[in-house]
Amino acid sequence: MLELAAVGPSDVVYDLGCGDGRIVIEAVRRYGARGVCVDIDPERIHEARANAAAAGVLERIAFRQEDLLATELASATVVTLFLSPDMNLRLRPRLQRELAPGARIVSHWHRMGDWRPERTRSVWDGNRTSEVFLWVRR
């Protein structure tokens, strides 16, 4: 997902529904980006914070325990999603309205209705193939 979005040191990567924080942690460690972990579940935020501390990147990541549908998105340059088709469709208008031109959105497995991705990549995880989609806010 991060490769497809061409994440770099000037990026701010938001992971909506961050779980254990692994995507944002990798964006910070591998690409020098800054990150924002968003999850409504306090246990996931606690886990993501602990994982970031263990990885030595805690100071480059903000943690937000909040509903991803209410999260401020304007400062994101990359948004990563591993949600449901319904949730992607609910987020789509906000992504198109609130992100700056050039911001990238990457979704694992799920498209966003008739919004055609700029690129699609098939990924093999050792058990199955899934698709990763990239959109660029115009």
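Residues passing the salt bridge (Lys or Arg N to Asp or Glu O under 4.0 Å) test with D86: none are found, sequence neighbours excluded. Applying the side chain to side chain contact (heavy atoms under 4.5 Å, CB included) rule to L69 yields the partners D67, M87, R90, L91; only residues at least two apart in sequence or on another chain are considered. With sequence neighbours excluded, no residue satisfies salt bridge (Lys or Arg N to Asp or Glu O under 4.0 Å) with R119. R22 meets the side chain to side chain donor-acceptor pair (under 3.5 Å) test with D20; sequence neighbours excluded. With sequence neighbours excluded, the residues satisfying salt bridge (Lys or Arg N to Asp or Glu O under 4.0 Å) with E26 are R29, R30. Residues passing the salt bridge (Lys or Arg N to Asp or Glu O under 4.0 Å) test with R138 are E118, sequence neighbours excluded. Legend: residues meeting side chain to side chain contact (heavy atoms under 4.5 Å, CB included) with A33, ordered by chain and number and at least two apart, are V7, D11, V13, A27.
Applying the side chain to side chain donor-acceptor pair (under 3.5 Å) definition to pairs two or more places apart or across chains, those involving residues 45-54 are R44-E47. Listed by first then second residue, pairs satisfying ring pair (Phe, Tyr, Trp, His ring centres under 6.0 Å) with a partner in residues 2-31 number zero, not counting sequence neighbours.
A donor-acceptor pair under 3.5 Å is absent between the side-chain atoms of D15 and the main chain of C37, judged by distance alone. Listed for the R137 side chain is a donor-acceptor partner under 3.5 Å among the backbone atoms of Q96.
Looking at D114 and R92, their side chains come closer than 4.5 Å, going by heavy atoms from C-beta outward. Using a 4.5 Å heavy-atom threshold, the side chains of L68 and L83 count as touching. Between V36 and R64, some side-chain heavy-atom pair lies under the 4.5 Å cut-off.
To the nearest 0.5 angstrom, N88 atom CG is 9.5 Å from L16 atom CG.
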Which pairs would a plain distance check flag for residues 126-135, meaning a side-chain donor or acceptor within less than 3.5 Å of a matching protein atom at least two apart in sequence or in another chain?
from: S130; atom 1: OG; to: H108; atom 2: NE2; distance (Å): 3.0
from: S130; atom 1: OG; to: W109; atom 2: NE1; distance (Å): 3.4
from: W135; atom 1: NE1; to: W115; atom 2: O; distance (Å): 2.8

